[in-house]
Amino acid sequence: MTVRNPSSVTRPRSDTERILDQSFLWLTRLLAYAIAAVLLAIAFQVLVQSLPAIQRFGVGFIFSQDWDPVKESYGALPMIYGTLVSALIALLLAVPIGVGIAVFLSENFLPLQVRTVLVFLVELLAAIPSVVYGLWGIFVLIPILRGFGVWLFENFGWFPLFSTQPSGPGMLPAGVILTIMILPIITAISRDSLASLPPELRQASIGLGATRWETIIRVLIPAAFSGIVGAVMLALGRAMGETMAVTMLIGNANTVNVSLLAPGNTIASLLANQFAEASGLQVAALMYAGLILFVLTFIVNIFAELVILKVKKF
Amino acid sequence: MALTSPEISPPVIDSLERKNSFRSLFDIVMTVVVAVFLAIALVPLIAVIAYVIIQGGSRISLDLFTQLPPPPMVDGGGFANAIVGTLIMVGLAALISVPIGILIAIYLSEFSPPSVARAIRFATNVLNGVPSIIVGVFAYGLIVLTFKTFSALAGGIALSVLMLPIVIRTSDEALQIVPPDVRWASVGLGASDYQTVLRVVVPAALPAIVTGVTLAVARASGETAPLIFTALFTQFWPQGLLEPTPSLAVLVYNFAGVPFKNQQELAWAASLLLVLLVLITSVIARFATRRKIY
């Protein structure tokens, strides 16, 4: 058998090969930079479309309670209030539960196989479509919470938060459904940051005579604190932007009402409800509300990602 | 008793013991509390799945897949048009986001300097956090206002923006797991960069990439917010890419709020399909990726 001409093996690459190689590299590079362009395009699109409303209403849009397509007078205070309050209710409920579950599933309370299954089940909560949570909420959660709401109203009606007769849909069911939806995010990221702590921390604390829970509360949670903060911020961003389930449960009333049993509205729900039938200045006003939501979630998300990035470095 | 040091008198030992018993009691209480928290979290999961199966399962029949949604007060019917519409829009979204997403992941894991990769991964995460309704607003401004009509195109583009970060992240992770030796061997044999990537690295990472894409497709099928004012809904068959297009997710939303029993049942049946889709793909993805960890 003859050896093939060695020069055919070692020949330099042909021009076509070089060009192909370079253009492939440039194609991937260009597309990668396009990701940033997509983010900018979203911001730009929403900003440009909302300009008529920004010129007409200015900053007063944020403080006005009017939403009247007939008079063409628009203000987003009730929706901004509803967005923040529903997200806050969700955080108040989901943070202790989520961090508690993260501790439970990162420590060795249960055998590893059982924990793996439970971790997967909690993750599945995030996989169920939002609109299905909404449907379930209408037919199951609202009837359950109505009984609870009536009890709250009858016994604690003097307290402003429970001062209205529950009508079914409202801030409370929306907050509860949001709690369910953001739980997996808080659990997953808190669990990651707890699990990535060096084992020496735990050993040292136990060695000094601390009990398991003293170790968890005094050593592990403080050490994983920034990761947990990142998880909470990310969950806050999700809660503020969540649309379908909230739209179906919050009652869509464009008023500010302190009572949690009263219906309210969020920016996302407002968009979901009115966009398809809107025209003229109403589209611009909706875009303006969307811009506020975009900026809010953008800031929260950037902060969350920065915190999580910092945690990952260690 | 001679060993007992004189400083520690019996009452002190008593209080120490009491303190210790309090400490262990606290441990038990906290353990029970977090176990209850876990149970609280799993109740809605089980309740949602059970309700969807019970309410939707009773309505499952062949008609669902062949007939159009009925008007109010009329019995029977199905949501064949919504299934077709969902397939069209999710297919369109996958057609856009899968190749682009994989190419971006290739740049991130194979070609980019670390600082650039970090910045682009950051942007990808931020894009992932943009509320889906805002992505809908974006598609509305970009496509609906340009073509002056609600369309499958607008819906598909909105979904592709939502799928893109998921595809990038999972493909990126899949490519990074491929050991560097494989690349060295390929380059050592004289392969050029694109040959190494397309013929060696991507095939090695393919199972994990496919898993990621499947998950992204399943998630996109259930997305409603970006479709309600881009694709809208119709009671009829989809007419084309530039026409209003029905989808399962929007059908659930529309029929959830009506007082007609038949339409409510259709909403539950459509929910069952969507939930089954994400459950099955999630479980398969779980097993597929676990087998990959050696």
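None of these values were measured; they are calculated from a predicted model. Just so it is clear: chains get the letters A, B, ... in the order the sequence lines come, proteins before strands, and each one is counted from 1.
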Decide, yes or no, whether a salt bridge links B:Glu265 with B:Lys261 under the criterion of side-chain N to carboxylate O below 4.0 Å. yes
Atom OH of B:Tyr51: over 12 foreign heavy atoms under 6.0 Å: no
Would you mind checking which part of A:Ile138 comes under 4.5 Å of any heavy atom in chain B, side chain (CB onward), backbone (N, CA, C, O), both or neither? side chain
What part of A:Ser23 gets closer than 4.5 Å to chain B, counting heavy atoms only: side chain, backbone, both or neither? neither
Heavy atoms only, distances under 4.5 angstrom: which of A:Met240, A:Glu107, A:Met287 has the most pairs with chain B? Name it, please. A:Met287
May I ask you to check whether over 12 heavy atoms, not counting those of A:Phe44, lie within 6.0 Å of atom CZ? no
Could you look at A:Phe298 and say if it's the side chain, the backbone, both or neither that has a heavy atom under 4.5 Å from chain B? side chain
Can you tell me which portion of B:Ala47 sits under 4.5 Å from chain A's heavy atoms? Options are side chain, backbone, both or neither. both
Go through the atoms of A:Phe294 and report whether side chain, backbone, both or neither lie under 4.5 Å from a heavy atom of chain B. both
What part of A:Ala37 gets within 4.5 angstrom of chain B, counting heavy atoms only: side chain, backbone, both, or neither? neither
So, the part of A:Ile97 with a heavy atom under 4.5 Å from chain B: the answer is both
Measure the spacing between CE of B:Met163 and OG of B:Ser221 and express it to the nearest 0.5 Å. 8.0 Å
Answer key: most heavy-atom pairs under 4.5 Å with chain B among A:Ile101, A:Ile128, A:Leu234 is A:Ile101
Considering only heavy atoms, which portion of A:Asn301 lies under 4.5 Å from any heavy atom of chain B: side chain, backbone, both, or neither? side chain
Could you check A:Met244 against B:Val250 for side chain to side chain contact (heavy atoms under 4.5 Å, CB included), going step by step and ending with a plain yes or no? CA-CA 10 Å; A:Met244 297 322 298; B:Val250 177; over 6 Å; no
What residue, out of B:Pro131, B:Ser192, B:Ala41, has the most heavy-atom pairs lying under 4.5 Å from chain A? B:Ser192
Between A:Val283 and chain B, with a heavy-atom cut-off of 4.5 Å, which part of the residue counts as in contact: side chain, backbone, both or neither? side chain
Are B:Ser21 and B:Ser24 close enough, and set up right, to give a side-chain hydrogen bond (donor to acceptor under 3.5 Å, both in side chains), and what steps lead you there? CA-CA 5 Å; B:Ser21 70; B:Ser24 46; 5.8 Å; no
Residue part contacting chain A, namely of B:Leu215, when any heavy atom lies under 4.5 Å: neither
I'd like to know which of A:Leu27, A:Leu30, A:Leu306, A:Val48 tops the heavy-atom pair count under 4.5 Å against chain B. A:Leu306
With a 3.5 Å distance limit and no angle check, can you tell me whether A:Thr243 reaches the backbone of A:Gly241 through a side-chain donor-acceptor pair? yes
Using a 4.5 angstrom heavy-atom cutoff, name the option from B:Thr281, B:Val197, B:Leu164, B:Leu142 with the most pairs to chain A. B:Leu142
When you measure from the side chain of A:Arg115 to the backbone of A:Leu110, do you find a donor-acceptor pair of N or O atoms at a distance under 3.5 Å? yes
Would you mind checking which part of B:Ala191 comes under 4.5 Å of any heavy atom in chain A, side chain (CB onward), backbone (N, CA, C, O), both or neither? backbone
Classify the angle between the aromatic ring planes of A:Phe275 and B:Phe229 as parallel (below 30°), tilted (30 to 60°) or perpendicular (above 60°). parallel
When rounded to the nearest 0.5 Å, the distance separating CG of B:Leu251 from OG1 of B:Thr86 is 9.0 Å
Heavy-atom pair count under 4.5 Å with chain B, highest-scoring of A:Gln22, A:Gln45, A:Glu277: A:Gln45
Given heavy-atom pairs under 4.5 angstrom as the criterion, report whether the side chain, backbone, both or neither of A:Ile180 touches chain B. side chain
Hey, mind stepping through A:Thr28 and B:Phe111 against side chain to side chain contact (heavy atoms under 4.5 Å, CB included) and telling me if it holds? CA-CA 9 Å; A:Thr28 59; B:Phe111 300 137; 3.5 Å; yes
With only heavy atoms counted, which part of A:Glu305 is less than 4.5 Å from chain B, the side chain, the backbone, both or neither? both
Interface moiety of A:Ala43 toward chain B, non-hydrogen atoms closer than 4.5 Å: neither
When the 4.5 angstrom heavy-atom criterion is applied to B:Val116 and chain A, the contacting part is side chain
Taking CZ in A:Phe303 as the centre, count heavy atoms belonging to other residues, nucleotides or ligands within less than 6.0 Å. Is the count above 12? no
Is there a side chain to side chain contact (heavy atoms under 4.5 Å, CB included) between B:Thr230 and B:Phe150? Walk through the geometry before answering. CA-CA 5 Å; B:Thr230 54; B:Phe150 300 105; 5.8 Å; no
What part of B:Ala35 gets closer than 4.5 Å to chain A, counting heavy atoms only: side chain, backbone, both or neither? both
Residue B:Val52 versus chain A: region with a heavy atom under 4.5 Å: side chain
Let's test your reading of the structure: which of B:Ile134, B:Ile228, B:Val278, B:Val144 forms the most heavy-atom pairs below 4.5 Å with chain A? B:Ile134
Between A:Leu291, A:Leu20, A:Val103, which residue shows the highest count of heavy-atom pairs closer than 4.5 Å to chain B? A:Leu20
Examine whether an atom of B:Leu272 lies under 4.5 Å from a heavy atom of chain A, and if so say whether it belongs to the side chain, the backbone or both; otherwise answer neither. neither
If you tally heavy-atom pairs under 4.5 Å against chain A, which of B:Thr224, B:Ile133, B:Asp27, B:Ile104 wins? B:Asp27
Taking every non-hydrogen pair under 4.5 Å, which of A:Leu271, A:Val122, A:Ile216, A:Leu183 racks up the most with chain B? A:Leu271
Determine whether a donor-acceptor pair (N or O, by modelled atom type, separation under 3.5 Å) exists between the side chain of A:Lys310 and the backbone of A:Val307. no
Could you walk me through whether B:Ser282 and B:Leu279 satisfy the side chain to side chain contact (heavy atoms under 4.5 Å, CB included) test, starting with their C-alpha distance in whole Å, then the side-chain angles of each, then the deciding distance to 0.1 Å, before giving a yes or no? CA-CA 5 Å; B:Ser282 301; B:Leu279 284 189; 5.8 Å; no
Checked B:Gln264, B:Glu223, B:Arg121 vs chain A; the most non-hydrogen pairs under 4.5 Å come from B:Gln264
Minimum side-chain heavy-atom gap A:Leu286-A:Leu270 below 4.5 Å: yes
Within 45 degrees of the axis of the six-membered ring of A:Phe24 and under 6.0 Å from its centre: does A:Arg29 put its NZ or CZ there? no
Among B:Leu198, B:Ile46, B:Ile102, the residue with the most heavy-atom pairs under 4.5 Å to chain A is B:Leu198
side-chain hydrogen bond (donor to acceptor under 3.5 Å, both in side chains) contacts in which one or both residues fall within residues 286-299 of chain A, not counting sequence neighbours: none
Part of A:Arg238 within contact of chain B (heavy atom distance under 4.5 Å): side chain
